[in-house]
Amino acid sequence: MRAFLTDRGATEGGAAPGAAIDVGALDIPVQSVPDDKPGDYGSPVAFGLARALRMNPAQIAAALATLVELPEGVKRIEAVGPYLNVELDPGSFVRSVVDAPLAAPPRRRKIVIEHTSVNPNKEAHVGHLRNIVLGDALARIERAAGYEVEVQNYIDDTGRQAAESIFARRYFDESEPEGRKYDHWLGELYVRLGQAKETDGEAIEAGVTEVMHALERGDLRGEVERILRAQLVTYGALGVEYDLLVWESDVVAAGFLRRGLEVLEALPTVFRPTQGKFAGALVMDVSAFMPGLEEPLVVLVRSDGNAMYVTKDIGYHLWKVGRLEGLRYAPFAVQASGATLWTSAPDGESEVAGRTFAHGDQAVNVIDARQVHPQTIVRTALQMTAGDADIEPLHHLAYEVVTLEGQAMSGRKGVTLAIDTVIEEAIRRARAVVEEKNPELATIADVARAVGLGALRFGMLKSEARRVIDFRWEQALSLAGDSAPYVQYAHARASSILRAAAETVVPEGSRTAGADWSLLGPLEVRLAREVARWPSVLDAAAEADAPHVVAQYALDLATAWNGYYNHRGPNGKPDTSVMRAESGLREARIALVGKVRATLAFALDSLGIEAPEQM
RNA sequence: GCACCCGUAGCUCAGUGGAUAGAGCAGCCGCCUUCUAAGCGGUCGGUCCCAGGUUCGAAUCCUGGCGGGUGCACCA
């Protein structure tokens, strides 16, 4: 019966149709019925039985319709052609929808999500924005779906990029410009250093190398930290928070490379060829996990004794899933929500009271699609060292690039756009619209921020990650149509009704005082059907690591609600008014609108988008 | 050359093997004496890249093409 109510799709047998015709574990797919067909939910179950019963599906459906006992809450079961459709009792259905929880129960499984991981050497740009927004939405979705989530931001403080920016500051030796955000300024010096290489290449190369060595020793941590803190201001402005910063130099110091190698060398698939092109190197045979590869051997340690980057990455990921220990932790900052941001630190504590870092049952990496190959190797290594784990230890959320008006972004060519710039413009544009539409609103600044940032984030989330996004201002900051403001507006409308209602009744689930559920009809059922989809949407999005599923649902629910709100009866007059409805019906509608509002807000929150009460 | 991803309305995109493939934008026509018109209704617009195959049923699964993007791994 639950299946009919939740539109969850296939369930095990047990539903009445199965029992009636002696098919035990029958798969009964359930789907929403198109608007022009009778019924609310329907099933093509008769198709599957046609062969075994040697009857045509329409006959089977007709027979089932007469045999099936009406479960509670179902008004009617009828055959519509070959489909078996049920019409729900509006009152009990809407009531059950209103009472359903929005968040999933805890699952006792931990997911370690890594996102952002921007090189600490320049300001973050809109390409990074996609990563950050995707990762943050994913973290929120997984939490709502019942998982314990830890968000890590990896800081590559020993890389060439950080070294170049830090060296550029020394090289040009200019005083810091007043009022300029530090990461923007260093980004500019970084680009200038690239240009200066043409005339002064050797000296610059020597200087950068020296800085790299200093970074490896950890001597310049303060310099990196300063850039990082400037970048974190940007993420904070987006409403994004992290649990832990993991510094590459700390990963190196913890010996994850060496200790990871010890784990790997115990594998039968890891060995040192004595001849052939890999003679002298340490290689891993991945053919069992990555079939169809032209070259099934992956080099872990080169014949000159130097480890490959991917090998360090494997060590790091062994730590993420709890198979290596050894980082030390220290508090780094207090974030806007009040939550502490922790960092790995050479002089930190190995235990933090009340927290256990890493030890994920699964790791998810938000990294661009060009990294599929190395990510697959890391995953394969984890699978091989784990024996036969039935769950994937690592998932790569691969997203495509963001181009700028059709051009690939490139700092050196000046084809780039800072997130800070985009945020400012997004809020500016939103503010202009708010001031025009609702000038007497007391919270204009807050609403402009919620709407502008919402539009920006939503634009990055509404399509599948594997699609290329071409950033264009009008499109990215659109405040109409398939956008966050569309959903936010629907939410504000519902809030407006609930404000008015609060003066007469207090909606509190189906216990709303004075509600007469029997007065509800097909219009409410249609709206409630959309609300009822939420748990399965959340589940599917979490399962597939696909925030766009939530974004698309938010649009669908807003559309259903707007349609209900504006509905007119045969006489051309509005027939869904809440506050003007007769007593009893009014209270039942208030309860439903309350659920719609809460669901819209919850879905938006799962995407990291605010839902203003007024706009 | 090999591998991965993409190809759906003029444009940007949804579409867990099921009912007549849907939105937004753009175009055209309507709707504020009604709880927010950032909205709603209507209209125009489709060889779901092509060809085979599997299936009662394919935009969806399989094979082979074509077109575009990305990667090619003793680089980080």
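Just so we're clear, the structure is a prediction, and the values are computed from it rather than from any experiment. Here is how names work: the chains are called A, B, and so on, in the same order as the sequence lines, proteins then strands, and each is numbered from 1.
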Is the ring centre of A/F47 under 5.5 Å from the base ring centre of B/G18, and are the two planes under 30° apart, so that they stack?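 Yes, A/F47 stacks on the base of B/G18.
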Nearest-angstrom distance, [atom1] atom, [N] to [M]:
N     : M     : atom1 : value
B/A38 : B/G15 : P     : 29 Å
B/A23 : B/A14 : C1'   : 7 Å
B/U8  : B/G67 : C1'   : 15 Å
B/G17 : B/C75 : C1'   : 44 Å
B/C6  : B/C48 : C1'   : 14 Å
B/U12 : B/G71 : C1'   : 27 Å
B/G46 : B/U20 : C1'   : 13 Å
B/A58 : B/G30 : C1'   : 39 Å

Applying a 4.0 Å non-hydrogen cut-off, can you work out what [X] is touching in the nucleic acid: base, sugar-phosphate, or nothing?
X      : result
A/V433 : base
A/N85  : base
A/A492 : base
A/S577 : base
A/D36  : base
A/Q488 : nothing
A/S495 : nothing
A/H567 : nothing

Nucleotide of [options] approaching [X] most closely (side-chain heavy atoms):
X      : options             : value
A/E464 : B/A37, B/A14, B/C40 : B/A14
A/R467 : B/C35, B/U34, B/C6  : B/C6
A/Y83  : B/G18, B/G15, B/A38 : B/G18
A/S463 : B/A38, B/C13, B/U34 : B/C13
A/Y565 : B/A38, B/A37, B/G18 : B/A37
A/V33  : B/G39, B/A19, B/C35 : B/A19
A/Y486 : B/C40, B/G15, B/U34 : B/C40

Length of the [atom1]-[atom2] vector between [X] and [N], whole Å:
X      : N     : atom1 : atom2 : value
A/K573 : B/C32 : NZ    : P     : 13 Å
A/Y41  : B/A19 : OH    : P     : 17 Å
A/F458 : B/A14 : CZ    : C1'   : 11 Å
A/I609 : B/A38 : CD1   : P     : 20 Å
A/Q552 : B/G24 : CD    : P     : 12 Å
A/L600 : B/G39 : CG    : P     : 14 Å
A/Q375 : B/C5  : CD    : P     : 16 Å
A/L397 : B/C5  : CG    : C1'   : 14 Å

Quick one: CD on A/E464 to NE2 on A/H548, what's the gap to the nearest 0.5 Å?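 Interatomic distance, A/E464 CD to A/H548 NE2, rounded to 0.5 Å: 4.5 Å.
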Report yes if a side-chain nitrogen or oxygen of [X] is closer than 4.0 Å to either non-bridging phosphate oxygen (OP1 or OP2) of [N]; otherwise report no.
X      : N     : answer
A/K37  : B/A19 : no
A/N562 : B/C40 : yes
A/H491 : B/A38 : no
A/R466 : B/C4  : no

Quick one: look up who [N] pairs with, Watson-Crick or G-U, both distances under 3.5 Å, and put none if it's unpaired.
N     : value
B/A51 : B/U63
B/G27 : B/U43
B/G71 : B/C2
B/C13 : B/G22

Does atom CZ of A/R370 have more than 12 heavy-atom neighbours from other groups under 6.0 Å away?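 No, CZ of A/R370 has 12 or fewer neighbouring heavy atoms, counting only those of other groups under 6.0 Å.
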Distance-only side-chain donor-acceptor flag, A/R597 / A/H491, under 3.5 Å: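 Short answer, yes.
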Tell me, for nucleotides 68-76 of chain B in 5' to 3' order, what letter each nucleotide earns: B for a base near a protein heavy atom under 4.0 Å, S for only sugar-phosphate near one, - for neither? --SS-BBSB
side-chain hydrogen bond (donor to acceptor under 3.5 Å, both in side chains) contacts in which one or both residues fall within residues 571-581 of chain A, not counting sequence neighbours: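 Pairs touching residues 571-581 of chain A that pass the test: A/H567-A/D575.
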Side-chain heavy atoms of [X] within contact of [Y], under 4.5 Å:
X      : Y      : value
A/I469 : A/V126 : no
A/T116 : A/Y154 : no
A/I155 : A/V246 : no

Is the base of B/C32 syn or anti, where syn means the angle lies within 90° of 0?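 Syn for B/C32; the angle stays within 90° of 0.
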Using a strict cut-off of less than 4.0 Å between a Lys/Arg side-chain nitrogen and an Asp/Glu carboxylate oxygen, indicate whether A/D35 and A/K37 qualify as a salt bridge.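 A/K37 and A/D35: not salt-bridged.
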Could you check whether A/R466 makes a cation-pi contact with A/Y399, meaning its NZ or CZ is under 6.0 Å from the centre of the six-membered ring and within 45° of the ring axis?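 Verdict for A/Y399: no cation-pi partner in A/R466.
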Look at the aromatic rings of A/Y564 and A/W561 and report parallel, tilted or perpendicular, splitting at 30° and 60°.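 Taking A/W561 first and then A/Y564, their aromatic rings lie parallel (interplane angle under 30°).
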Any donor and acceptor pair, going by atom type alone, linking the side chain of A/D545 with main-chain N or O of A/L397 inside 3.5 Å?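 The answer is no, because no donor-acceptor pair under 3.5 Å joins these two groups.
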